[in-house]
Each structure stands twice: as C-alpha cells, then as structure tokens.
Amino acid sequence: MDVMNVYRYFRWWFKKTRIEKKPAFIDLLCAVPLQQIYGCPLGGIGGGTITRGWRGEFCRWQLNPGVYHYETVIANQFTVCLRCKGQTVYQQVLSMERPSTLQGWNWGYCGHYAFYHALYPRAWMVYELPGQNVVLTCRQVSPVIPHDYKDSSLPVGVFIWEVENGRDEDVEVSIMFSLQNGMGTKEDRIGGHWNEPFTFERDGERVAGVLLHHCTPVNPFTLAISAREKAGTEVTHLTSFNPTGLGREVWQDLLQDGRLDSPTGKSSLTEKGEVTAAVVCATCRVPAREHRTLELALAWDMPCVHFGSKEKLHFRRYTRFFGSGGDAAPALSHHALMHYKEWERKIEAWQNPVLENSQLPSWYKSALFNELYFMTDGGTIWMEVPPDCSAKDLQGPAGAGLSHLFPFLREYGRFAYLEGQEYRMYNTYDVHFYASFALVMLWPKLQISLQYDIAVTVVNEDVQLRQYLMGGQTAQVKLKNVVPHDIGDPGDEPWQRVNAYLMHDTADWKDLNLKFVLQVYRDYYLTHDSLYLRDMWPVCQAVMESELKFDTDNDGLIENGGFADQTYDAWVVHGASAYCGGLWLAAVCMMCKMAEVLGDAEIQQKYTDILSKGKEAFERMLWNGKYYNYDSSGSHTSSSIMSDQCAGQWFLGACGMDQGEFEVFPKSHILSALRTIFEKNVLGFAGGTMGAVNGMRPDGVPDTSSVQSNEVWIGVVYALAATMIQEGMVEEGFRTAEGCYRTVWERLGMAFQTPEAYREKKVYRSLAYMRPLSIWSMQLALERRAGWAPPPPQPSQVPVNP
Ligand SMILES: C[C@H](CCC(=O)O)[C@H]1CC[C@H]2[C@@H]3CC[C@@H]4C[C@H](O[C@@H]5O[C@H](CO)[C@@H](O)[C@H](O)[C@H]5O)CC[C@]4(C)[C@H]3CC[C@]12C
C-alpha cells in the first residue's frame, strides 16, 4: 500500500467534506452501514424512488437526484380496521414496530402472520389477520415497463389491497394509509410545509386523497396519498396530524366508524421544528366468503431539480406528460390508479415467458427481475432536453457533428444512473459496459441516448488541471477523443462537468474507449438503428485512434501501462493483458464489421490488418496452453487466472461474431479458458458456492496481490455465466451465477442492494451497485440459444457510402 495515495485521498476528503462542506463522490470514511431490511422500491425510471422494506416500512429515499437518505419514517404505515355489525372488532397497524412515537396506535403486528414476496417491479405482502378469518394481500406495482417511454417515467406506486373475507358474516374493511410530509430528514422540520385534501375526476373516474406540500428552498416537492372512489368504496381523510405525538386523534377517529373525519380546507403551514403528516382511508363492505379490492396510490411530484452545483434547472421526463408546474400529483395519482391494470398486464406479458419456463431455476427468475431494481433505484435520473436548448448547445463547444443527436434526445430525453448508491458518479462507463445489457434489451432508446451523451463528451475536453489521488500526477480533467470515466457527480453538475472520478487519470485507461466501440456495434446489432451507427462511426474511429497509441511496439495489440488502468482500478497490469488485450481485439473486429456495413473499405482494411497481427501477438504473448495469462509481464502474478479474461469474447458472442470469418479467439482456447475458470475460480473458491473469484493462482489459492484480485464481482460473474452459456457450457454458467445470487440475496441478506464485490469471508464493498445488471446478458444468451433473440441487421439496412 502506497501511503502517499492514502494521504492524498484523506487530504482531498478533508477539504471536500470539512472545508467545502460537500459530499465526497466516494466517501471511504462513511460507508453506508449494512441493513438487511430492503424490499422492492417504488417509482418508475428517473423520477426518484422510495424503497419499502420487506417488513413494509418506507425506508430508503432518493427524491433529490442521486442523493440517498436511509431513514425509516415511522408514521408511514398501512393500518387495517375491521367492523362487523356496526362495531369495530379489530384495528391494527400492519407493522411489527413498537415505536416511541404514535403510541396511541396499536403496533406490534405479529410477523408470523405476514409474508413478503418481491418480483421487481412488483411485490406482494400477505397479512393473515390473527383470529379474524380475514386475509389481506397488498400488491405493490410500479410502472417499470420495457419499451415504454411514458408511464415508465412516472413517480408513482400503487397498492392494491385484496381483502378475502373467510367469515360467515359481512365485514366492513378500511385500509388507512398514513404518510409524513417529507423523507424523515431534518428538512421535515424547517417549517412552511402544508397539506390539503384533493379530489381528481376524469372520464367519470374519481380519486381522492391528500397532497403534502414539502416546501424546501431547493427541489421542493409534493407527495400525494390517494385512493380510488368507486361504487361501494368510500374514501375519507385527515388533512394533518402530528406524527411525533401520540396520534390518538387519528386512531380514535378511525376506530369510531372505520372512516376519517375528512375536514375541508388546507392545513396551516408548519412552524419551525414542527412535523406534519396526513392520512387517507378507503373503506368497503366485503360480503361473507367473498373478496373485494381497495386501490391506493402514492405519487410524488418533484418536476424541476437542481444538482449540487445549482447551476442548471433540469426537468424530469414525466413533465412532458404531466407538466412542470408542481401541481401534477393529483393527475399522477389518477393516472396510476386508472392504469395499473394495464401495467400489470404488460409486466406479466414481459415476465411470464421467463417465469413459466420450467427449465429455468427459481433463483434465476428472482435474480433476473429483482436485480433490475437498480434501473430505477440507482439514483436514476431521466431528464427532458430543455425547450430553450439548441442542437448546438447539446453538441458541446467542439461541435460533435452528430446529426441524429438533437431529435433523438428531444424525443427520448437523457438518462443517467449512478455507479452505485455509495459511488456517486453517473454512467460510470467501464461499469455500464456490463450493465448496459439490461438497458439495451429493455429500454434501447435510453441506451442510445446515453451513448449520444458519451459521444458528445468524447469530442469535447475539459482543460482544467487537477491532481489524481492514486499516483499524484497532475493532468487535464478530460482529453479530447477519449471516453470519460463518468458523466459527473450529482453533487456537482452532471453532463456539464464529466469525470467526477479522480482516483486515476482515466485518459490513460485502456478499456473505456474499447467499451464504447463494443457497445456501439452491440446496440446496432440489437436495435438495427442505422442512423445511430452512422453517427457513432466517426466517434468510434476517433477513440480507436487514441487507443492505437497504447500499442507501443506496433504488434497490433495494446499494452497496459503498469498501473491499474482499467475497470479493476486497484489491480495493476503490465504489458499485454488478457482483459484489455481481449477487449481490444474484439473492438478491432467490430471496427472491421462496422466498416464493412458502412462501406468504408479503407478503414476496414486498416483494422483487418491490425486484427491479424494482434491476434497472433495475443496468442503468442498470453496463451499458456490452458488459459490466457493475466498479463505478459512475467511477474509472479502474471499467470493468475482472471475470471474476466473472456470479456472480449462475451461481447463478440452477444453480437453473433464468434465464429467463421469473425473468430477472433480460437474456439478451443475459449473453451479451455472457461473450463479452467470454472474449475479454479468457481469450484476452487468457497467450495463453488460463491461465484468466481476475480483472480486465482494456478495452484488454487486466490491471487491476493491486490484488493480486487481477491474479490468476487457479482456483475462480472453474471457476465462470465453469460459467456459460458454462449459457448454451450450452460450448466456451468448457471452453477457459477447461482453462487452469487445465493450469497447476496440469501446468505448475506443484501436483497435490493447487491454490492459490487465481496470476499470469501466478512468483506463486501459498495452496496447497491450498477454492474450486476449484467445478468441480462445471461438472458440474451439464453434467448439466442432458444432462437428468440432479434435477428441480426441486414446489410441493406444501412445506406453505404457513395
Ligand atoms: C488508497 C488505497 C491504497 C492505494 C495504494 O496501494 O497505492 C487504495 C487501495 C484500494 C483502493 C480502493 C479499491 C476499491 C474502490 C474502487 C473505486 O473505484 C470504482 O470502482 C470500480 C471497481 O470496483 C471501478 O470499476 C470504477 O471505475 C471505479 O469508479 C474507488 C474507491 C475504492 C474504494 C478504492 C479507493 C483507494 C484504495 C483504498
């Protein structure tokens, strides 16, 4: 460990957090403590998220873009009231908590009678009300719908309560939903917040509820709790109550007749130090031995947001459908309550082919859909291009010359998600490379939009100088013609200032440029979007030109720089390497393919020549008869077995470019390498139950030469499993991936917060991380095997150059 690196980090951390009083993009001194409480988050893509725990609590908040607040707000509850023959027979908060506030409420529901299941974006909570012969099932649904670019952006969640009356008499059932005005932060007490009841009617359908206006100076918002009024369902409310008191007035009000008083008019503004909350209640009669449904919703409207720098005002995607005036919560609630059935139908149509496939194991079904939580709960933002923004503004000062950029971003907006809830950098590109399969398969337009944003940053530069923490050298923030590490920090001004990461100067990283080229072709292959391919072609050429300078000996293969110059940013690589060399050859191959498709004979020839030289060098320098060596330096860890050594082949295979004229790596070598990884990194690590360790020595001991060689990266393991499936090692692929799922979701209790990494014992790193979304590449590999994947584009789809 180099003490100067550690010193530089701490010095930087002190200045940032203690002097400038800003959040650190990675705060090594304040890691988020592990709480094994999380369940399925609420909300669509990019409008903020509110995560509920598996015990039903509202416990993780991301309304300010990219900023997380981990706080269970105790007043946020569902309460049931049962009445028979005009008498209340049972009234219970559906929570196991026994808090110190709201002691006038009946807490301490026995967890033995409650069951939780989650299959993102849905969750089910079953409550068998003890001694009542009544069963409640709450279905929680969020609008996360593949290929939908409207409802998927909405900041709403719906709770559909099915009430089954097993009694021989009718029961009147009320479900009361209480919510605090705020997220449980100190801002809840700043004063000036207020609540008001509302009703909203459209097309003869009516919802009623309460709006909770949260009037902070930065990023004010309105929460809305509501229920659908329909024949036989009555909706009542209480506009405000004190959630820090005993709560008796609320409890008694409900207890009396299963309804709330429903006062009219607004509440007064809260005083400084005061907190307010509101309640909505839906009531219906359930005849003996029958069942009925109560439909409630939570919506939040924070239409315009500032990031930390407060330089620019950004408009969320949903404002194009619901306006940006801050008055959309009633319409959002109505829309959610009127459309959730359609959402459920679409979610089922999407998920059922996987769920009903009896050949797929249950853990995989859970992993595939539940890992998708990060698509919304990754600090995700989906913004409109502002109306006053011109095509020129979007291209950056250098003028990217991307003809389709403006109409595309206008139509689909801009998307970004964090590297991890603890690693606050948007669209960290070396990691997105893995996660991008989920985006391109489910919301391809957002992947293309993200790529346009990256392309703009490629051609632009940031000439400001800064010192890098690892190594200590001073260099420009962003060079021209290289892919940035990330598009910025939510604590600053993302898109405007890129490369929040200042551990290394990533202009010298070997993987970023290649990962751009690989994604461009993969996206084209899957979407057939030839305008995109055309626009990206000059950018691909520019980044490959930059990359060529890393081939210092002109053998057709790039060399690493003797530092951790790629996504494994604490694992040093010298000379040619399996990881970067493999990505390089795959990217060169894709350059040939793109040049062919676009009719660019000169470039095709150039890269064909490089490829044939490079392939020979790669095999000569790295193949050891069983697998590709970690690097060619001849050091004592050069012969380590890297689980990610076939990353280039992974992408080639995903694009159907792994055989015939496109065979970059000999099939027999790939198979031998994958078998070695399976034997050593998977079966030889933790008894084969924890996935694949990143680096294994040939003698079967993990490579401890760096902190990261000794880790398992869940996202890398899912990618490895996909590669195995692509190569016909289906059983091995599933066995490999299963280890990670079971470790994270079952043994470590890290549901809905899959970390970047863990070690065999005691250590994990970076909770709620982007990379595990790579599990969708397993799905692509399976679909391809089953013949379901989209057909490759036909050459005639792209007009060739004259
Ligand atoms: C300062 C320590 C000593 C350095 C030395 O020996 O000279 C460093 C040793 C280990 C470092 C930490 C390693 C893990 C984190 C990596 C993180 O970067 C992001 O992580 C991804 C990999 O997991 C990567 O793909 C992505 O591009 C990166 O944004 C930066 C923080 C680390 C905690 C890192 C911090 C310095 C060390 C403790």
Side-chain angles (χ1 to χ4, degrees), residues 1-14 16 24-32 66 378-379 416-436 454 467-473 482-490 494 498-516 562-573 579-580 583 642-644 647 693-695 704-717 719 754-759 763-774:
M1 173 128 353
D2 181 337
V3 283
M4 277 314 289
N5 288 341
V6 180
Y7 167 73
R8 267 188 299 271
Y9 177 81
F10 287 121
R11 194 181 53 183
W12 170 83
W13 178 91
F14 187 80
K16 187 84 183 174
F25 73 101
I26 294 180
D27 196 335
L28 297 180
L29 281 89
C30 300
V32 174
Y417 59 156
L418 295 176
E419 181 181 331
Q421 290 181 7
E422 295 189 72
Y423 288 8
R424 282 175 293 270
M425 292 159 281
Y426 275 123
N427 295 352
T428 297
Y429 199 72
D430 51 301
V431 181
H432 171 68
F433 173 71
Y434 293 80
S436 62
I454 294 289
Q467 190 186 35
Y468 289 92
L469 303 179
M470 305 291 115
Q473 77 281 29
V482 298
V483 169
H485 174 273
D486 57 81
I487 57 114
D489 175 352
V498 304
N499 276 344
Y501 178 85
L502 44 62
M503 295 289 179
H504 298 280
D505 177 5
T506 58
D508 284 333
W509 273 21
K510 308 301 177 291
D511 58 343
L512 290 165
N513 299 326
L514 308 174
K515 287 174 173 176
F516 179 78
F563 71 105
D565 54 357
Q566 29 66 44
T567 197
Y568 298 85
D569 62 346
W571 192 1
V572 173
V573 207
Y579 184 66
C580 292
L583 291 174
M642 189 190 200
S643 64
D644 215 358
V693 69
N694 282 342
T704 53
S705 63
S706 81
V707 287
Q708 291 172 340
S709 51
N710 195 17
E711 290 179 333
V712 175
W713 287 7
I714 294 102
V716 166
V717 171
T754 304
E756 155 80 317
Y758 56 71
R759 290 207 197 163
V763 178
Y764 65 88
R765 181 165 63 77
S766 193
L767 287 171
Y769 197 77
M770 177 198 280
R771 206 181 316 249
L773 281 170
S774 63

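Excluded from the calculations below are hydrogen atoms, water molecules and symmetry mates; all remaining heavy atoms, backbone and side chain alike, are included. For ligands, and for the atoms within them, numbers begin at 1 and follow the listed sequence.
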K.L.:
Have a look at Thr567 and tell me which of Asp511, Asp430, Asp644 forms a side-chain hydrogen bond (donor to acceptor under 3.5 Å, both in side chains) with it.
P.N.:
Asp430
K.L.:
With a 4.0 Å cut-off on heavy atoms, is Tyr423 in contact with ligand 1?
P.N.:
yes
K.L.:
Determine whether the aromatic ring centres of Tyr769 and Trp713 lie less than 6.0 Å apart.
P.N.:
no
K.L.:
Side chains of Trp13 and Leu28, heavy atoms from C-beta outward: is any pair under 4.5 Å?
P.N.:
no
K.L.:
Answer side chain, backbone, both or neither: which part of Asp2 comes under 4.0 Å from ligand 1, heavy atoms only.
P.N.:
both
K.L.:
Atoms of ligand 1 less than 4.0 Å from Thr428 heavy atoms?
P.N.:
27 (O)
K.L.:
Heavy-atom distances under 4.0 Å decide this one: backbone, side chain, both or neither, for Trp509 against ligand 1?
P.N.:
side chain
K.L.:
Looking only at protein heavy atoms, which one is nearest to atom 30 (C) of ligand 1, and how far off is it?
P.N.:
Ile26 CD1, 3.5 Å
K.L.:
What atoms in ligand 1 come closer than 4.0 Å to a heavy atom of Val707?
P.N.:
10 (C)
K.L.:
Between Trp713 and ligand 1, which residue portion shows a heavy-atom distance shorter than 4.0 Å: side chain, backbone, both, or neither?
P.N.:
side chain
K.L.:
Below 3.5 Å, N or O to N or O, backbone or side chain included: is there any such pair between His485 and ligand 1?
P.N.:
yes
K.L.:
Against ligand 1, does Tyr769 come closer than 4.0 Å with any heavy atom?
P.N.:
yes
K.L.:
Side chain to side chain contact (heavy atoms under 4.5 Å, CB included) between Leu469 and Asn5: does it pass, once the steps are laid out?
P.N.:
CA-CA 6 Å; Leu469 303 179; Asn5 288 341; over 6 Å; no
K.L.:
Between Tyr579 and Trp571, is the gap from one ring center to the other below 6.0 Å?
P.N.:
no
K.L.:
Starting from atom 2 (C) of ligand 1, which protein heavy atom do you reach first, and at what distance in Å?
P.N.:
Met1 SD, 4.0 Å
K.L.:
Please walk me through it: do Tyr426 and Asp489 pass side chain to side chain contact (heavy atoms under 4.5 Å, CB included)?
P.N.:
CA-CA 6 Å; Tyr426 275 123; Asp489 175 352; over 6 Å; no
K.L.:
Indicate yes or no: at least one non-hydrogen side-chain atom of Val498 is less than 4.5 angstrom from one of Tyr429.
P.N.:
no
K.L.:
So, 4.0 Å and heavy atoms of Tyr568: is ligand 1 close enough to count as a contact?
P.N.:
no
K.L.:
Run down the list Glu422, Met470, Glu419 and name the one with the heavy atom closest to atom 20 (O) of ligand 1.
P.N.:
Glu419
K.L.:
Would you say the ring centers of Tyr9 and Trp12 fall short of 6.0 Å from each other?
P.N.:
yes
K.L.:
Provide, to 0.1 Å, the distance between atom 12 (C) of ligand 1 and the closest protein heavy atom, together with that atom's residue and name.
P.N.:
Ala570 CB, 4.8 Å
K.L.:
Considering only heavy atoms of Gln708, which atoms of ligand 1 have at least one such atom less than 4.0 Å away?
P.N.:
13 (C), 14 (C), 16 (C), 22 (C), 23 (O)
K.L.:
Do the charged groups of Lys510 and Asp565 touch, with an N to O distance under 4.0 Å?
P.N.:
yes
K.L.:
Between ligand 1 and Phe433, can you find any atom pair, the residue atom being a heavy atom, that is separated by under 4.0 Å?
P.N.:
no
K.L.:
Can you sort out which atoms of ligand 1 are near Glu756, meaning under 4.0 Å from one of its heavy atoms?
P.N.:
21 (C), 22 (C), 23 (O)
K.L.:
Under a 4.0 angstrom heavy-atom cut-off, which atoms of ligand 1 come close to Met425?
P.N.:
29 (O)
K.L.:
Leu28 heavy atoms, cut-off 4.0 Å: which ligand 1 atoms fall inside?
P.N.:
33 (C), 35 (C)
K.L.:
Just checking, any donor-acceptor pair under 3.5 angstrom between side chains of Tyr468 and Asp508?
P.N.:
no
K.L.:
Would you kindly specify which portion of Glu711 sits under 4.0 Å from ligand 1, judged on non-hydrogen atoms: side chain, backbone, both or neither?
P.N.:
neither
K.L.:
Which atoms from ligand 1 have a heavy atom of Val431 less than 4.0 Å away?
P.N.:
25 (O)
K.L.:
Less than 3.5 Å apart, any donor N or O on the side chain of Glu756 or Ser766 sitting next to an acceptor on the other?
P.N.:
no
K.L.:
How close does the nearest protein non-hydrogen atom get to atom 34 (C) of ligand 1, and which residue and atom is it?
P.N.:
Met503 CE, 4.7 Å
K.L.:
Do Val431 and Tyr423 have side-chain heavy atoms sitting under 4.5 Å apart?
P.N.:
no
K.L.:
For atom 28 (C) of ligand 1, state whether the nearest protein heavy atom is under 4.0 Å away.
P.N.:
yes
K.L.:
When you measure from atom 16 (C) of ligand 1 to the protein, is at least one non-hydrogen atom found at a distance under 4.0 Å?
P.N.:
yes
K.L.:
Show which atoms of ligand 1 fall inside a sub-4.0 Å distance from at least one heavy-atom site of Tyr501.
P.N.:
18 (O), 28 (C), 29 (O)
K.L.:
Could you walk me through whether Phe25 and Leu502 pass side chain to side chain contact (heavy atoms under 4.5 Å, CB included), step by step?
P.N.:
CA-CA 9 Å; Phe25 73 101; Leu502 44 62; 3.8 Å; yes
K.L.:
Note the single closest protein heavy atom to atom 24 (C) of ligand 1, along with its residue, its atom name and the distance in Å.
P.N.:
Thr567 O, 3.2 Å
K.L.:
Passes side chain to side chain contact (heavy atoms under 4.5 Å, CB included), Asp27 versus Arg424? Steps please.
P.N.:
CA-CA 9 Å; Asp27 196 335; Arg424 282 175 293 270; 4.2 Å; yes
K.L.:
As a test of understanding, state which of Asp569, Asp505, Asn427, Thr428 forms a side-chain contact (heavy atoms from CB on, under 4.5 Å) with His485.
P.N.:
Thr428
K.L.:
Given Asn5, Val572, Asp569, Val3, which one has a non-hydrogen atom that is nearest to atom 5 (C) of ligand 1?
P.N.:
Asn5
